[in-house]
Engineer: 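Input: one structure, supplied below.
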Amino acid sequence: MSKITLALPDGSALEVARGTTGLQVAQSLGSRLAQAAVAVQLNGQALDLNRPLETGGPFAVLTFDDEAGREVYWHSASHVMAAAVLRVFPEAKPTIGPPISDGFYYDFDVYRPFSDEDLERIQAEMNRLIRADLPFEREEVSREQALEIFADNPYKRELIEELPEDSAISLYRMGDFVDLCRGPHLPSTGRIKAFQLTSIAASYWRGDENRQSLQRIYGTAYPEAKMLQAHLDRLEEAKRRDHRRLGRELELFLFFEEAGAGLPYYLPNGAMLRQIVCDYALQQHLRRGYQLLRTPHLTRADLWETSGHAQQGYPMYYTDVEGVAYGIKPMNCPGHILLYKSKTRSYRDLPLRFFELGTVYRHERSGVLHGLLRVRGFTQDDAHIFCTPEQLTDELVGVLAFARDILAVFGFSDFEIDLSTRPEKAMGSEEIWERATAALRHALEVAGLEYHVDEGQGAFYGPKIDIKLRDALGRLWQGPTIQCDFNLPERFDVTYIGEDGREHRAVMIHRVVLAGIERFLGVLIEHYAGAFPVWLAPVQARILPITDRTLEYGREVHRRLREEGFRVELDESRGTLSAKVRDAELLRLPYILVVGDREAASGAVAVRHREQGDLGPQPLEAFVERLRVESQPPQAHP
RNA sequence: GCCGACGUAGCUCAGUUGGCAGAGCAGGGCACUUGUAAUGCCCCGGUCGCCCGUUCGAAUCGGGCCGUCGGCUCCA
């Protein structure tokens, strides 16, 4: 019998007989590992546990702790769900059902939308399938056989027809359910210990809105009930800190049906928070050599012809002014370009960094609006850097460092970075794109940042770097975007006079750090769950006089703190101290200052800290000092 | 924009075999003058999202629109 050699993750080598199954190898490595195993990986390819190993190579046992292992687990769960759906809706046509970041879904073509009651019936069927502990069985068939098996499912047939001519087509059978599937799968349905169908939604076949509308069911599954519970708790926590809910509870912002969708109105607390963020952003930009600009919201529509936005069908708003077409700006770039071009620029002037807290409006489709995270009117901390081609890389490196520093100040230090390359609908030559992409790549490498290449996802005018922020709950949010642009400088004829006395084409970088201020606030609210650090808190302290006797002293404290520039409130309401403390706690204020007869007599305040609770009385001036220190933003490394 | 669900007081939500619209919290008044997460009593508050239709009669049934939510798609 011939042998094969497996290279294990710990660096050791294991020799086994050819045809040994992955499960047997796992058992030889340890019974606990074998129990936890969901599949194995050989030469980078995931295989069923009962699949005989035919070749040697790098080998690993996959468990639920591995991303690839979770995918196998969730993919199997999606098959179980599809099987259950077919039992409840025999005429439903399954399409695709992949694992996703925290579970799985399956899309069906079905004659009517699923309801919540359907979900319960499907879950009950799933439980039956799991209790029956049905094995997943792999078989390989010819294209003709596959087309025959899925004769009544045009979706599967479409997928089969797209598979390469010579490839073996694999099917997985589980009870009387057969699905076209590359695999691998769990050995049997009984391995799914805890699952939950989480929601019903609509989708389109292949994500194309012109094709068949499908019904999607989302679910998740875990090998232990307590892991499922932890996941459901996370969802609950996410709901609890949803910025739309906190926006109302903390009186930050509102939307009005009568005023229009996607247009936020800020209440005093929200407007203050927004201002603090904007002031900080401006100050940081000035420190890094940016110059402040201001451009109008409305411009002649011609400008958007020159920029190419109009031809691209960019979703902007147009209006008519005395017979002349105007557009509300969806971007700040053309305005910055006009100001750049307002005089002849020398190479000595470059790089020129123009910054604006620029408010833009875009006609986002009604279905995509989402609280502050997706709105129709928003303000960007937008800047355009005009530089020479030689300066490009240094500027990009500087922007990356800037972004990282600023985000750290707001409590974000975990990122995922995408480099997006040329999309199909692109302007400019391949060569120009190549150059820009190479510069971004180089900047990322110089900055020592890990990134992932997102082919074809660039803007129509240039490639870009997208930085996604991971928040306190581990969720990712769109953050800074850095775009290289060789196209607008051409279209607007943006030049500088070089050392040689001749005119040269300038290079342009578009970049936002906080990106949309609205979106950033939404993310910030969820990240901090509304409990903002002192430097950001719209109200830093609330003063609670215990009785009318100390109201006047409370006013004195209020006046004193306000004079120092602190954001403080005085609670003049009547009622018990407990009730006032509760009101203030619900607003997640960093400090509550209780003033009663004892404090009034000694010029003190009794300090209650949001996290640490009652800190006892201290002299007012001591508290002023404390607040002065804590009101400073954390230091960014300049 | 598309698919589905939803829209009742400022907020959270009850309320239909079609027959005068409810609660808690919030708000106002009064009493209480209180030491760290809800003092008590009383009161105010609703074109039941908007428009059209069906009906003797519509919060309830039908249609259209607006908005919100979950997705698709898109995106800062």
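Throughout, protein chains are lettered first and strands after them, A, B, ... in sequence-line order, and every chain is numbered starting at 1. These numbers come from the heavy atoms of this one structure, side chains and all, not from hydrogens, waters or symmetry mates.
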Engineer: Using whole Å, what does the distance between atom C1' of nucleotide B/rU36 and atom CG of A/Asp583 come to?
Structural biologist: 13 Å
Engineer: Reading RNA chain B from 5' onward, which residue's closest nucleotide shows up sooner: A/Gly616 or A/Arg549?
Structural biologist: A/Arg549
Engineer: Would you mind reading off the distance between A/His609 atom NE2 and B/rA37 atom C1', rounded to a whole angstrom?
Structural biologist: 17 Å
Engineer: For A/Ser366, report the nucleic acid contact type (base, sugar-phosphate, nothing); a contact means any heavy atom under 4.0 Å.
Structural biologist: base
Engineer: Would you list the pairs meeting salt bridge (Lys or Arg N to Asp or Glu O under 4.0 Å) in which at least one residue belongs to residues 248-257 of chain A, sequence neighbours left out?
Structural biologist: A/Arg245-A/Glu249
Engineer: Walk me through whether A/Tyr265 and A/Phe256 qualify under ring-ring contact (aromatic ring centres under 6.0 Å, His included).
Structural biologist: CA-CA 8 Å; A/Tyr265 285 70; A/Phe256 294 100; 5.1 Å; yes
Engineer: Could I get the full list of salt bridge (charged side-chain N to carboxylate O under 4.0 Å, His left out) partners for A/Arg206, not counting sequence neighbours?
Structural biologist: A/Glu158, A/Glu162
Engineer: Near RNA chain B, which residues from residues 584-599 of chain A have a heavy atom under 4.0 Å away?
Structural biologist: A/Glu585, A/Leu586, A/Val594, A/Gly596, A/Asp597, A/Arg598, A/Glu599
Engineer: What is the separation between atom CD on A/Glu258 and atom P on B/rC65, rounded to the nearest whole Å?
Structural biologist: 20 Å
Engineer: If I pick the C1' atom on B/rC52 and the same atom on B/rU47, what distance separates them, to the nearest angstrom?
Structural biologist: 16 Å
Engineer: P atom, B/rC48 versus B/rG4: distance in rounded Å?
Structural biologist: 27 Å
Engineer: Might you work through the side-chain contact (heavy atoms from CB on, under 4.5 Å) test for A/Leu407 and A/Phe520, ending with a clear yes or no?
Structural biologist: CA-CA 10 Å; A/Leu407 292 171; A/Phe520 188 73; 4.0 Å; yes
Engineer: Applying salt bridge (Lys or Arg N to Asp or Glu O under 4.0 Å) as the test, list every pair that has at least one member in residues 362-377 of chain A; sequence neighbours left out.
Structural biologist: A/Glu209-A/Arg365, A/Glu364-A/Arg374
Engineer: Using a 4.0 Å cut-off on protein heavy atoms (strictly under), produce a 5'-to-3' string for nucleotides 69-76 of chain B with B for base contact, S for backbone-only sugar-phosphate contact, and - for none.
Structural biologist: SBBBBBBB
Engineer: Within the pair A/Arg245 and B/rU12, is there a side-chain N or O less than 4.0 Å away from OP1 or OP2?
Structural biologist: no
Engineer: If every non-hydrogen atom of A/Asp571 is compared with every non-hydrogen atom of A/Pro545, which pair is closest and at what distance?
Structural biologist: O-CD, 3.1 Å
Engineer: Suppose you measure atom P in B/rU54 against the same atom in B/rU17; what distance do you get, rounded to whole Å?
Structural biologist: 24 Å
Engineer: Between atom CG in A/Asp571 and atom C1' in B/rU33, what is the gap in whole Å?
Structural biologist: 14 Å
Engineer: Determine whether the side chains of A/Glu630 and A/Tyr591 contain a donor N or O and an acceptor N or O closer than 3.5 Å.
Structural biologist: yes
Engineer: Check the angle between the aromatic planes of A/Phe355 and A/His285 and answer parallel, tilted or perpendicular using the 30° and 60° thresholds.
Structural biologist: parallel
Engineer: According to a 3.5 Å limit on both distances, what stems of 3 or more consecutive Watson-Crick or G-U pairs are formed with RNA chain B?
Structural biologist: B:1-7 with B:66-72, B:10-13 with B:22-25, B:27-31 with B:39-43, B:49-53 with B:61-65
Engineer: Keeping to residues at least two apart or across chains, list the salt bridge (Lys or Arg N to Asp or Glu O under 4.0 Å) pairs with something in residues 406-416 of chain A.
Structural biologist: A/Asp414-A/Arg470, A/Glu416-A/Arg470
Engineer: For the P atoms, the ones on B/rG24 and on B/rC42, what distance do you get once it is rounded to whole angstrom?
Structural biologist: 10 Å
Engineer: Between P on B/rU39 and CG on A/Leu577, what's the gap in Å once rounded to a whole number?
Structural biologist: 10 Å
Engineer: Check nucleotides 49-52 of chain B for protein N or O atoms closer than 3.5 Å to its own N or O atoms and list the pairs.
Structural biologist:
none

Engineer: Below the 4.0 Å mark, does B/rG35 have OP1 or OP2 next to a side-chain nitrogen or oxygen of A/Arg608?
Structural biologist: no
Engineer: Could you name each residue pair satisfying side-chain hydrogen bond (donor to acceptor under 3.5 Å, both in side chains) that touches residues 601-620 of chain A, not counting sequence neighbours?
Structural biologist: A/Glu585-A/Arg608
Engineer: Could you work out the separation of B/rG45 and B/rG22 based on their C1' atoms and round it to a whole Å?
Structural biologist: 13 Å
Engineer: Using atom CD of A/Glu249 as one end and atom P of B/rU12 as the other, report the distance to the nearest whole Å.
Structural biologist: 9 Å
Engineer: Would the A/Tyr280 and A/Phe410 ring centres measure less than 6.0 Å apart?
Structural biologist: yes
Engineer: Please report the distance separating the P of B/rG71 from the corresponding atom of B/rG15, rounded so that it comes out in whole Å.
Structural biologist: 26 Å
Engineer: Can you check the distance between B/rG28 and B/rG10, where both ends of the measurement are the C1' atom (answer in whole Å)?
Structural biologist: 14 Å
Engineer: Tell me: CZ of A/Arg542 to P of B/rA37, nearest whole Å?
Structural biologist: 15 Å
Engineer: Describe, in one word, how the ring planes of A/Phe108 and A/Tyr106 are oriented to each other, choosing from parallel (under 30°), tilted (30 to 60°) and perpendicular (over 60°).
Structural biologist: parallel
Engineer: Salt bridge (charged side-chain N to carboxylate O under 4.0 Å, His left out) with A/Arg353: which residues, sequence neighbours excluded?
Structural biologist: A/Glu395
Engineer: Less than 4.0 angstrom between a side-chain N/O of A/Thr576 and OP1 or OP2 of B/rU39, yes or no?
Structural biologist: yes
Engineer: Got a sec, which residues hit salt bridge (charged side-chain N to carboxylate O under 4.0 Å, His left out) with A/Arg511, two or more places apart in sequence or on another chain?
Structural biologist: none
Engineer: Would you measure the distance from the P atom in B/rG46 across to the matching atom in B/rA21 and give it in whole Å?
Structural biologist: 13 Å
Engineer: I need the CD-P distance between A/Gln612 and B/rU36, as an integer number of Å.
Structural biologist: 19 Å
Engineer: Side-chain donor-acceptor pairs under 3.5 Å in residues 267-274 of chain A, sequence neighbours left out?
Structural biologist:
unit_1   : atom_1 : unit_2   : atom_2 : d
A/Asn269 : ND2    : A/Leu250 : O      : 3.1
A/Arg274 : NE     : A/Glu518 : OE2    : 3.4
A/Arg274 : NH2    : A/Thr379 : OG1    : 2.9
A/Arg274 : NH2    : A/Glu518 : OE2    : 2.9

